[in-house]
Protein chains: 2
Amino acid sequence: MSGSERDVEAQPSVRMRDVARALGVSVSTVSRALSQPDMVSVETLERVGEMAARMRYRPNLAARDLRTRTTRTLLVIIPSFSPLFLEIFRGAEREAVRQGYSVLMAHSGGDADREHVFLDQVLSQRADGIVLVTTADPARLAERQPSLPIMVTAVDTISGIGAPNMRIDNVAAARAAVEHLIGLGHRRIAHIGGPSDSLMARDRAQGFADAIAAGGLEPAHCPILTGAVTLATGEALMARLLTRYPRPTAVLAANDELAVGALQAVKRDGLRIGADISVIGFDDLRFGMLYDPPVTTVAFDKVELGRLAMAALIARIEGRSDVVDATLPTRLVVRGTCAAPAAP
Amino acid sequence: MSGSERDVEAQPSVRMRDVARALGVSVSTVSRALSQPDMVSVETLERVGEMAARMRYRPNLAARDLRTRTTRTLLVIIPSFSPLFLEIFRGAEREAVRQGYSVLMAHSGGDADREHVFLDQVLSQRADGIVLVTTADPARLAERQPSLPIMVTAVDTISGIGAPNMRIDNVAAARAAVEHLIGLGHRRIAHIGGPSDSLMARDRAQGFADAIAAGGLEPAHCPILTGAVTLATGEALMARLLTRYPRPTAVLAANDELAVGALQAVKRDGLRIGADISVIGFDDLRFGMLYDPPVTTVAFDKVELGRLAMAALIARIEGRSDVVDATLPTRLVVRGTCAAPAAP
DNA sequence: ATGAAAGCGCTAACAT
DNA sequence: ATGTTAGCGCTTTCAT
């Protein structure tokens, strides 16, 4: 009880052997009764079940996993607790449970090292596969090439590793959002983007730039600012935009969190949302919907994205038909933060 | 490749034995080099390290776990993805990583069965211990008594199982919040509470009732309504309160989500927040702070709560001094949703 | 400092 | 339908 070493109050831990002895049968009989019920007589089945319950027997999964080389446990790695990723997780989890797998979530915090620690958990047979929602470092992942776990990626794709990917078309979605603003009459539209090491952020910025070019807007009036995906960043970057002359009349934010931050800056400056500055966000997060006014945003079925990713993972694990990539549709949800620009 | 059975493209999977052979040493030497570096010669240490890396050797953790009866992995079970629980998880995770453990999150969805599935993961040696953040069914948990995993509870306590508990004093915190309202001059104060099968919700309701009694307010004018902890519930219950005569002038909500829902109902009815209806929430969630006006709320250090729980868990696992319960302080954060009631 | 051998608790041939 | 046996890949005595 003194040292700092492992010294748990040794639970005697009932083993299969103990149950077998108590019943006067062999371990294999118990094993079969427990996992292949139709291979034993009804009577033994019943006796074993009863005794196992009475003795509070719990299988040692480490032993079973070692023997069967399978865990029926899957990992979902998310980079942060953003509602976007949590919704995706929810979909993935539901599908896995439906198919009889356990799911555990790991949180990389965007740290490549920690991400790899979790990948190793699969290679080390603690789990059967991984749904990787966005990666901290695609290049490093591709380098690991020969020793990658069974994996499906969601949101960001990783080229060259042959992992199925479930995504939305961020470029097209961003373009459509900007086109909506142009349609309203905006000519000076800025982009508040996520960090440039994020593929998703880069794609959204790309779509923004495409639409600006296609619409023939003056690029000098349509700046792209980037930063971390936080409220504070959205607010700071918008504050910077508001000092420009001529001021942009609309902003596409790379997600709803940045959008809300931006809107806070607009409010703080005493400008009118819509009339003075229009804002569009991304991902349709609930707190954007609750904002006053509710944020216009690019929406898609996040739960379904997770579900598809998990279904693809399980299909791979079970050796079923290789599922190919999927791209889910997006749609612009028009709410209260956009209007035609006031006459210049 | 056809059937639906397990049939993964058999990764040859390098074993320790393979590394040993390649080096012409015994498995024990490799094992020692990898986990007890000071028991082998510097030269062997180096050669083994190199070869293991070159062969991309990954230890089979199922085998190691089986042998050592430990996993260095801990589970945190949360009932939902509410920011409250996610913050607690964040604190727990940080502490575990700091102490060299892996953490995985499991999500019970408030379902007692799923909760027990995860508890069994520990009994089945897939993890070393559990931080249980709130439980779906304390009674059932207590019944499992002799076969419970090493566990620490956060938020809700479970009596009679001897698990350390990290919490806040919900009764006192709720009472203090109501006293604040009474201090502002309110005499008709309602409570929008969480489900009565939640201990946390019951405690908050209790604190509410205590304060009403202590303040000598007319109980008939201070109703307690309860429901699920969702925005929609908050809105619906507030709508109901607004039809009462005489109308309450203030509401204590059991958390910020209910509070925001309630505020939405107030807005929709064209009443003034503060002047007509004051609202206090609980938990200091970010989206309450962002609301317009920002929600007055009961705050506490959620991350620290998680950290403490995890520290206590690890201490138990490592057989160190039994950590006792802890109660963290709360404080009322006064923001924009409270004012003195308009003259009646 | 290293090797040989035993065994963690389970499942899966192989017998009977 | 049940029992016997042989490992899964690792760590850890016990020898040397």
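None of these values were measured; they are calculated from a predicted model.
- For the pair B:Met39 CE and D:dT16 C1', the computed distance is 14 Å after rounding to whole Å.
- Every residue two or more places apart in sequence or in another chain was checked for a side chain to side chain donor-acceptor pair (under 3.5 Å) with A:Ser159, and none qualifies.
- Residue pairs meeting the salt bridge (Lys or Arg N to Asp or Glu O under 4.0 Å) criterion with at least one partner in residues 157-167 of chain A, sequence neighbours excluded, are A:Arg167-A:Asp325.
- With sequence neighbours excluded, no residue forms a side chain to side chain donor-acceptor pair (under 3.5 Å) with B:Asn60.
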Indicate for each nucleotide in nucleotides 11-16 of chain C, in 5' to 3' sequence, whether protein heavy atoms under 4.0 Å reach the base (B), only the sugar-phosphate (S), or nothing (-). BBB---
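- Atom CG of B:Asp65 and atom P of D:dC10 are 12 Å apart (whole Å).
- Counting to the nearest Å, the C1' atom of D:dG3 and the CG atom of A:Leu23 are 14 Å from each other.
- Per the geometry, CG belonging to A:Leu34 stands 16 Å off C1' belonging to D:dT2, to the nearest Å.
- Within the structure, every pair that satisfies the salt bridge (Lys or Arg N to Asp or Glu O under 4.0 Å) test and touches residues 80-102 of chain B, not counting sequence neighbours, is listed here: A:Arg114-B:Glu93, B:Glu87-B:Arg90, B:Glu95-B:Arg98, B:Glu95-B:Arg307.
- Per the geometry, CZ belonging to A:Arg58 stands 17 Å off C1' belonging to C:dC10, to the nearest Å.
- B:Thr44 is linked by a side chain to side chain donor-acceptor pair (under 3.5 Å) to B:Ser41, counting only residues two or more places apart in sequence or in another chain.
- OP1 or OP2 of C:dG3 has at least one side-chain nitrogen or oxygen of B:Thr29 nearer than 4.0 Å.
- Among residues at least two apart or in separate chains, side chain to side chain donor-acceptor pair (under 3.5 Å) pairs with a member in residues 49-59 of chain A are A:Arg56-B:Ser147, A:Arg58-B:Asp120.
- In this structure, CZ of A:Arg17 is placed 16 Å from C1' of D:dG3, rounded to the nearest angstrom.
- Look at CG on A:Leu61: it is 18 Å from P on C:dC8, rounded to the nearest Å.
- Without hydrogens or angle criteria, A:Asp18 side chain to A:Arg15 main chain gives a donor-acceptor distance under 3.5 Å.
- Atom CZ of B:Arg15 is separated from atom P of D:dC10 by 8 Å (rounded to the nearest Å).
- Among residues two or more places apart in sequence or in another chain, the side chain to side chain donor-acceptor pair (under 3.5 Å) test is passed with B:Thr29 by B:Ser26.
- If you check the side chains of A:Asp65 and A:Thr71, you find no donor sitting under 3.5 Å from an acceptor.
- Of the residues in residues 42-53 of chain B, none has a non-hydrogen atom less than 4.0 angstrom from any atom of DNA chain D.
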